[in-house]
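Predicted, not measured: the structure shown is a model, and the values here were computed from it. Order of the sequence lines sets the chain letters (A, B, ...), proteins ahead of strands, with each chain counted from 1.
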Protein chains: 2
Amino acid sequence: MSLSDKNILVIEDDPGIADLLRLHLESEVGQLGFESNGTDGLAAAQTGVWDLLLLDLRLPGISGLDVCRTLRAEGHTLPVLMMTAKTGELDRVLGLEIGADDYITKPFSVIELLARVRAHLRRADLVSSAAERSVEGGPAINLGEVEIDPRTRVVRVRGESVDLTAREFDLLLHFAAHPQQVFRRSQLLDDVWGYGHEGYEHTVNAHINRLRAKIEKNPRKPELISTVWGVGYRFTPQSTVEVV
Amino acid sequence: MSLSDKNILVIEDDPGIADLLRLHLESEVGQLGFESNGTDGLAAAQTGVWDLLLLDLRLPGISGLDVCRTLRAEGHTLPVLMMTAKTGELDRVLGLEIGADDYITKPFSVIELLARVRAHLRRADLVSSAAERSVEGGPAINLGEVEIDPRTRVVRVRGESVDLTAREFDLLLHFAAHPQQVFRRSQLLDDVWGYGHEGYEHTVNAHINRLRAKIEKNPRKPELISTVWGVGYRFTPQSTVEVV
DNA sequence: TAGTTTTGTGAGGAATTGGTGACACTCCCG
DNA sequence: CGGGAGTGTCACCAATTCCTCACAAAACTA
């Protein structure tokens, strides 16, 4: 697994440790965010799209525990790795009970921290790719006008069955598995074409174009797969209700 | 969360530790399986339906590392918690790199072990329940009148969804991430347009203007994004309370 | 292996965006 | 209350981004 496209947020008030983490993570990771207090940290966690949160327990403003608790209460599922100077067993347990996924005490070994970070990111990938695979073998997906049967790889749009090529099908299935979500071209290259696939983002355009030609009512005015200018594409299932 | 319907497999050759685990887990957990060597343990892990694996590193027969490696190679995604008497950092790192999700060294605190077990099971639940409701989109940031979903890039103001361009969205998101904070125009150019972006500060004005036109109730009297004279702009989330 | 389908790449044209300038307006301060 | 700096508004046009189509490369099939 590569960390190069992973976004990690660090909430830590000790500049020394923050620098240490920056030093070791910066080169390996995609985006690396730093916040030094609980209030800004929570906001950053809520607004950004992060793959992992490294969270100090002792923080000015909101405490690490509360940051974690709040995120979980709001339904965020991102992995949280707590760091703390406290060594008491009770603190460790409390952190885990509150919704953190892991706990490491300062002074920690950077190598071990990195290993744990990788372990969590790996698990997230494992789970999401397993979920994708379960969709592949699962029952038919019915999204308004579009009906997809992953087993037979048959797609029907507004009752008509359409022939899709392998790539087109994978692309559509990926969109259908994450409706409304906006994907950047680079993300689609990773998710549909596979990791580290060398190729132009423009390739995605071409396939979107072909897919639209096959499933859109009017390919000039796409409704199912819409363009998000400056970002990427989004799949919006259309209700099958007739507008007469 | 309750552990009562969770199945845990323990692969451990030391009868003392096995008993200790049995003592503490038996009453809390649904099914509890024990194996005392790597070969049988691997077979049990492959055939049974387990929610978590507690795995000793040193085992007769196949080693814990190999058990874990094999399971991962076969596509199993169940969480693996490694236990070992070794204290060397290298062993811990190796265990994690091989595909384990966590690592705890003997002698361990039973309370902490239980907390970590619960943390892993909780995460599994979190992920699966999040997958179910993923159709509605992920967690949105809710700031009074304004609601922002970074994953779908959908913004709703007072219930109405508004179309924002990429820049407008990024600008709003940045404000939402730091409510009440005053930003100078130069800072916004750095943060939203990207560091080292060449351009006039006046550009920020124009965008604020466009953003206001879309999200303010009365763009002539901005309430969400207010001007701080001589300095810059500030975002103030409004309570959604109706003033009738 | 030859033919056929699928996939990737390239170039030109179309569309949207958003930076910029001009000017009106507002706010602060003397 | 008047001057000036700072800010709001608007429209234009260039730059960016995207679409379309055609062709080449690759993969599959018979």
Side-chain angles (χ1 to χ4, degrees), chain A residues 153-155 162-175 182-235, chain B residues 153 155 162-175 182-194 196-235:
Chain A
R153 295 178 78 90
V154 167
V155 174
V162 283
D163 273 349
L164 296 186
T165 69
R167 268 295 136 79
E168 287 160 4
F169 183 86
D170 291 342
L171 193 57
L172 179 60
L173 189 62
H174 186 256
F175 273 120
V182 177
F183 291 99
R184 327 192 132 270
R185 280 158 240 277
S186 59
Q187 246 173 309
L188 291 171
L189 278 176
D190 278 354
D191 297 347
V192 178
W193 274 255
Y195 264 143
H197 174 85
E198 304 277 330
Y200 295 63
E201 296 198 347
H202 173 67
T203 297
V204 178
N205 290 19
H207 281 265
I208 294 278
N209 187 31
R210 288 183 190 123
L211 191 53
R212 278 174 172 168
K214 290 185 180 177
I215 68 171
E216 294 282 356
K217 208 181 300 179
N218 177 5
R220 298 293 171 134
K221 288 198 162 201
E223 291 179 322
L224 292 166
I225 299 177
S226 48
T227 327
V228 182
W229 246 83
V231 188
Y233 298 98
R234 158 172 38 211
F235 178 73
Chain B
R153 296 180 78 93
V155 175
V162 283
D163 274 349
L164 297 186
T165 68
R167 272 271 194 275
E168 286 160 5
F169 183 87
D170 291 343
L171 191 58
L172 178 60
L173 192 62
H174 185 257
F175 274 119
V182 180
F183 291 100
R184 337 195 118 268
R185 290 169 179 71
S186 58
Q187 222 170 331
L188 290 171
L189 279 176
D190 279 353
D191 297 347
V192 178
W193 274 254
H197 174 84
E198 306 273 331
Y200 295 64
E201 296 199 348
H202 174 67
T203 295
V204 178
N205 290 21
H207 280 268
I208 294 281
N209 182 36
R210 287 182 188 127
L211 192 52
R212 278 173 173 168
K214 290 185 180 178
I215 68 171
E216 294 283 358
K217 209 181 297 180
N218 177 5
R220 300 293 172 134
K221 287 196 160 202
E223 292 179 322
L224 293 166
I225 298 177
S226 46
T227 311
V228 182
W229 243 79
V231 188
Y233 299 98
R234 164 179 26 219
F235 179 72

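- Computed from coordinates, the B:D163 CG to C:dT16 P distance equals 13 Å when rounded to whole Å.
- Taking only distance into account, the side chain of B:R185 never meets the base of D:dG6 through a donor-acceptor pair shorter than 3.5 Å.
- Contact of B:H202 with C:dG21 (side chain to base): a donor-acceptor pair of N or O atoms is detected under 3.5 Å.
- The shortest distance between the side-chain N/O atoms of A:Y200 and the OP1/OP2 oxygens of C:dG10 is below 4.0 Å.
- Counting any heavy atom pair closer than 4.0 Å across all strands shown, A:Y233 reaches sugar-phosphate atoms only and no base atom.
- Within the 4.0 angstrom heavy-atom criterion, only backbone atoms of the sugar-phosphate kind lie near B:T227; the bases stay farther away.
- For A:W193, a side-chain nitrogen or oxygen approaches OP1 or OP2 of C:dG8 to under 4.0 Å.
- The base of D:dG8 is not paired with the side chain of B:R210 by any donor and acceptor separated by under 3.5 Å.
- Nearest nucleotide to the side chain of B:R167, out of D:dT7, C:dG18, D:dG8: C:dG18.
- Taking the six-membered ring where the residue is Trp, A:H207 and A:W193 present perpendicular rings, their angle passing 60° and hence far from 30°.
- Protein atom CG of B:N209 is 12 Å distant from nucleotide atom C1' of C:dG18, rounded to whole Å.
- Listed candidates were D:dG8, C:dT6, D:dT9. Nearest to the side chain of A:T165 is C:dT6.
- Closest contact between the side chain of B:N205 and the listed nucleotides C:dT17, C:dG21, D:dG8 involves D:dG8.
- The nucleotide whose nearest atom lies closest to any side-chain atom of A:H207 is, among C:dT9, D:dA5, C:dG8, C:dG8.
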side-chain contact (heavy atoms from CB on, under 4.5 Å) assessment of B:K214 paired with B:T165: CA-CA 11 Å; B:K214 290 185 180 178; B:T165 68; 4.2 Å; yes
